[in-house]
Amino acid sequence: MAEKKKAPAKTAPKKTVIKKKAPAKRKSTSKKKTQSPRSFWKGLIILGFKLSLVVLAILVIAGIYLDTVVKNRFDGQLFTLPTVVYSRVLTLAPGQNISLQTVTQELDLLKYQKVRQPQRSGEYSSSSTKIELIRRPFEFQQGPEPDRHVMLYFNADGLQRIENRTVKKEMGFLQIEPQFLGMLDADDDQQRLFLRREQFPEVMVDALLATEDRDFYQHDGVSPLAIARAMVVNAKAGRTVQGGSTLTQQLAKNLFLSRERTLWRKVREAYIALILDYRYSKDRILEAYLNEVYLGQTGGEAIHGFGLAAQVYFGRPIEELRIDQLAMLVGMVKGPSYYNPMRFPERVKDRRDLVLRLMMQEEILSPRQYEMAANRPLDVKKRASISTRQPAYFQQLKWELKEKAGEAYQRGEGLRVFTTLDPLSQQKAEKAVERIVPQLEKRAGKGLESAMVIVDRQSGEIRAMIGGSRTGFDGFNRAINAKRPIGSLVKPAIYLSALESPEKYSLATTLDDKPISLKGSKGTAWTPRNYDRKFRGQVPLYYALSRSLNVPTVNLGLMVGLNKVTDTLVKLGVNSQEINQVPSMLLGSISLSPYQVAQMYQTLGNGGRKAPLTALKAVVNTDGVLLYENFPRSSRVVPEQATWLTIYGMKKTVSEGTARFLNSKYSWAALAGKTGTSNDSRDSWYAGIDGREVAITWLGRDDNKPMKLTGSSGALRVYADYLSMRSPEVFNLPWPNEVTTAHFDLQENKTLKPDCSGKENIPIWDIKGQYKAECEMGNTPAAWLTDIFGF
């Protein structure tokens, strides 16, 4: 048992031996430390290799991602493009009743340059009988047409001949390109006119490359040489005065990146530039840059691309700009706000001249060309604007695009919309309102508002629209939305209703002009009076219409019947829901907008054929495919004979009635018209018709207070001023069948008595030629004929 207890003591030496081995381990560790330099570098290399693999993987992944982003953008629709809106296309044809002056006004409005001898598109010369011009190339709704060098020959009757000067052949017609009006429905504040690479002038491209990127066609998207050169220049200047970014890098930044100034953004910018240069041709990249570059701002909208900038600052297509003008645009690339030609013309001129000097150094310009260009003024527009946009007209256009074009109209796809707006009519109407309304305010008081709607007499196409006295203000559109009592403008519909029954009524029918009083359903009395407070006893029907007499009109309307008058108004284009069938409707208590009145009078002016009013002509996509087209159409809604006789009475209004103010100057034009005044002179109206247009003018106050203006002293004066600038065409409606001249004797009381040998001649609707037959037989008019004159 004693031996077993001593056994553990024998293990003690083993423990001691283990402790003695510890120094050996420390010696081994010390040996590793002596090898650390080689191991450290080896480890560092391995770490660097691993990090390089990670960076390479990141770059590859980033490259794949950025490549996908670039491909999706460039292979799809590169830009969100607004809809471009144009005016109507002026089509000229031999035999057309259009004057040389009108054509030159159109060319001036389109910014054609008058020269001694046209040499390039956008230039013209004129004499007393002919115009020589080089029509610009343009993509019309039917397709693209090249420029055309033509001669137009005129005489007193209008355009006689069109000659193609290039091939020395006569032409059957010539289209003049429309005016650029503005843009619709951009999804952001960016606006641009997209142009293909070949549409940009080569001299401008050369100027851009000489100024911004001389090695554009040599580098691979990034130019180390340009970066080094910029670093040297900036180091010498002590500040950043020159950048090293290529055009490709600038494009990459503008299209794909933000404006943050970080190293990571510059890396991505360079990477995208390399991808762009690898995947796409230099011209494709340049095309994108020329359409993307930022060149200023106007009206809260950013101007992108040289194509739109040419229109904004010079009002011309870019291919027609002079070298100095192109140089100015190139110079603005460096800083459009700093080099704003409207605010800092001297600064901009210095920058422009620098670009011109660089062009001379690169031998793009000769010293003589440089001197000529540098000595020119800037010649920019007085006000930078994207277009001559008409807000009232554009409101109507937007509604029609939605209602008529439907799904064919897509926002952001760069569609081209052709409208019916006549730029001459719109311009002259605006000037008339801006000039006459302030004069009328001296009598009517401040706050006088106005509206005008001018439509083609035959097609119903809207040629001009003004929604207020501030013609360029995009606010409440009184032409469409303001419904006001139309006063005496309703009267032609009443007389037309009567004249549709030739067995009962004619222009010579005698009407009572005596005091009347009508009792209403609530016991109230309505006592209509003539404007001059006079009563004439009896008057011929045409006389009552031309003098706009109230009492005879009410008597006639009551004899015809309110239902009949309402039916006529609806046929002319008035919505039946707008009509309240009470006797006061016979004096214009009906409230209509100028647009609605224009439809009514278009039907009258077109001989009883109604053509729905429209502002939209066609919609074309970027590939030239016609998506929508409106074809003018009209349909007969009231008898031609009755309409013709009504227009005859309205011509009497101009020649001897309430609108005779026009007759002294325009008697040759055989104008028709109608004045209108609502109760207490709250509304002043005039409806004017010439051979070309129907024009509706309204004046009034938004607070509906009286303004001391009648139709003849207010709205008529605006229309007269419009005609002084937009010379009217002769208004001749062909004589309808069964309308013939009847002879009368003028009685002492100014009424007419039928007499086949009488000296007073009045046209009548001679049903089946009965009157003509009676008079040719030498007989006195039959009893039926006497009856319709009220005897």
Side-chain angles (χ1 to χ4, degrees), residues 84 86-180 193 195-205 307 310-311 314-323 326 416 418 420 422-424 617-618 620-626 629 631-632:
V84 181
Y86 295 100
S87 70
R88 64 95 178 91
V89 175
L90 176 62
T91 302
L92 301 175
Q96 186 175 349
N97 181 20
I98 188 169
S99 67
L100 182 146
Q101 181 185 15
T102 299
V103 176
T104 56
Q105 286 179 345
E106 181 92 13
L107 296 176
D108 291 338
L109 202 60
L110 293 172
K111 302 296 183 183
Y112 273 69
Q113 187 174 359
K114 189 174 183 179
V115 296
R116 181 171 298 178
Q117 179 63 47
Q119 300 291 335
R120 45 186 275 182
S121 66
E123 295 181 342
Y124 82 97
S125 63
S126 66
S127 65
S128 59
T129 58
K130 57 188 178 181
I131 297 174
E132 183 178 0
L133 77 142
I134 302 181
R135 200 276 318 276
R136 294 173 178 135
F138 187 80
E139 189 169 348
F140 295 93
Q141 62 191 65
Q142 300 86 358
E145 289 188 14
D147 56 2
R148 293 277 169 83
H149 189 175
V150 300
M151 185 75 82
L152 309 176
Y153 296 89
F154 296 84
N155 64 14
D157 296 325
L159 179 61
Q160 296 302 301
R161 188 159 61 93
I162 305 175
E163 178 187 332
N164 187 323
R165 301 286 285 176
T166 305
V167 296
K168 305 296 182 184
K169 288 185 178 180
E170 292 194 12
M171 300 174 61
F173 71 95
L174 173 71
Q175 292 188 110
I176 304 295
E177 81 279 3
Q179 183 186 29
F180 166 66
L193 276 177
L195 300 178
R196 295 181 295 275
R197 166 65 180 86
E198 60 271 16
Q199 293 178 281
F200 293 96
E202 288 302 319
V203 67
M204 189 207 75
V205 175
Q311 290 285 353
F314 299 106
R316 296 178 182 277
I318 194 167
E319 60 267 23
E320 293 180 15
L321 298 189
R322 301 188 307 263
I323 290 174
L326 295 171
R416 294 184 302 131
F418 293 88
T420 63
D422 185 322
L424 281 179
K617 186 69 174 176
V620 182
N621 69 12
T622 53
D623 296 324
V625 177
L626 189 63
E629 185 172 17
F631 295 96

Would you name the heavy atoms of [X] and [Y] that are closest together and state the gap between them?
{"X": "Y112", "Y": "I134", "value": "CE2-O, 3.5 Å"}
{"X": "E319", "Y": "P201", "value": "CA-CG, 4.0 Å"}
{"X": "F200", "Y": "G307", "value": "CE2-N, 4.2 Å"}
{"X": "L109", "Y": "Q179", "value": "O-NE2, 3.9 Å"}
{"X": "F140", "Y": "V89", "value": "CE2-CG1, 3.8 Å"}
{"X": "R136", "Y": "S121", "value": "CA-CB, 4.0 Å"}

Heavy-atom neighbours of R196 CZ exceed 12 at 6.0 Å |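 Atom CZ in R196 is not crowded, with 12 or fewer foreign heavy atoms closer than 6.0 Å.
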Hey, is CD on Q142 packed in by over 12 heavy atoms from elsewhere, all under 6.0 Å?
->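 Yes, enclosed.
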pair [X]-[Y]: side-chain heavy atoms closer than 4.5 Å:
{"X": "V103", "Y": "L159", "result": "no"}
{"X": "I162", "Y": "F173", "result": "no"}
{"X": "Y153", "Y": "P94", "result": "no"}
{"X": "R416", "Y": "Q141", "result": "no"}
{"X": "F154", "Y": "K130", "result": "no"}
{"X": "Y124", "Y": "D108", "result": "yes"}
{"X": "V150", "Y": "L133", "result": "yes"}
{"X": "R148", "Y": "R165", "result": "no"}

Side chain to side chain contact (heavy atoms under 4.5 Å, CB included) between L107 and I131, intermediate numbers included | CA-CA 10 Å; L107 296 176; I131 297 174; 4.1 Å; yes
Do the charged groups of [X] and [Y] touch, with an N to O distance under 4.0 Å?
{"X": "E106", "Y": "R135", "value": "no"}
{"X": "R161", "Y": "E163", "value": "yes"}
{"X": "R197", "Y": "E202", "value": "yes"}

Mutual orientation of the aromatic rings belonging to F138 and Y86 [parallel < 30°, tilted 30-60°, perpendicular > 60°] =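 Taking Y86 first and then F138, their aromatic rings stand perpendicular (interplane angle over 60°).
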Rounded distance (nearest 0.5 Å) linking atom CG of D422 with atom CG of L90 =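 Atom-to-atom, D422:CG and L90:CG are 8.0 Å apart.
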Could you tell me the separation between the OG atom of S87 and the CZ atom of F418, rounded to the nearest 0.5 Å?
->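 Reported to 0.5 Å precision, the distance equals 9.5 Å.
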Going through the checks in order, is the side chain to side chain contact (heavy atoms under 4.5 Å, CB included) test met by L152 and L100?
-> CA-CA 9 Å; L152 309 176; L100 182 146; over 6 Å; no
Let me see the working for I318 and L193 under side chain to side chain contact (heavy atoms under 4.5 Å, CB included), right down to the final yes or no.
-> CA-CA 11 Å; I318 194 167; L193 276 177; over 6 Å; no
Taking D623 for its side chain and V625 for its backbone only, find out whether a donor-acceptor pair lies under 3.5 Å.
->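 Side chain of D623 to backbone of V625: no pair is present.
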P317 backbone acceptor or donor facing E320 side chain under 3.5 Å =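 No: the side chain of E320 does not pair with the backbone of P317.
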Check R322, Q113, Q311 against R316 for a side chain to side chain contact (heavy atoms under 4.5 Å, CB included) and give me the one that passes.
->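 It is Q113; the other options fail the test.
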Q117 and E123: side chain to side chain contact (heavy atoms under 4.5 Å, CB included), yes or no, with the steps?
-> CA-CA 8 Å; Q117 179 63 47; E123 295 181 342; over 6 Å; no
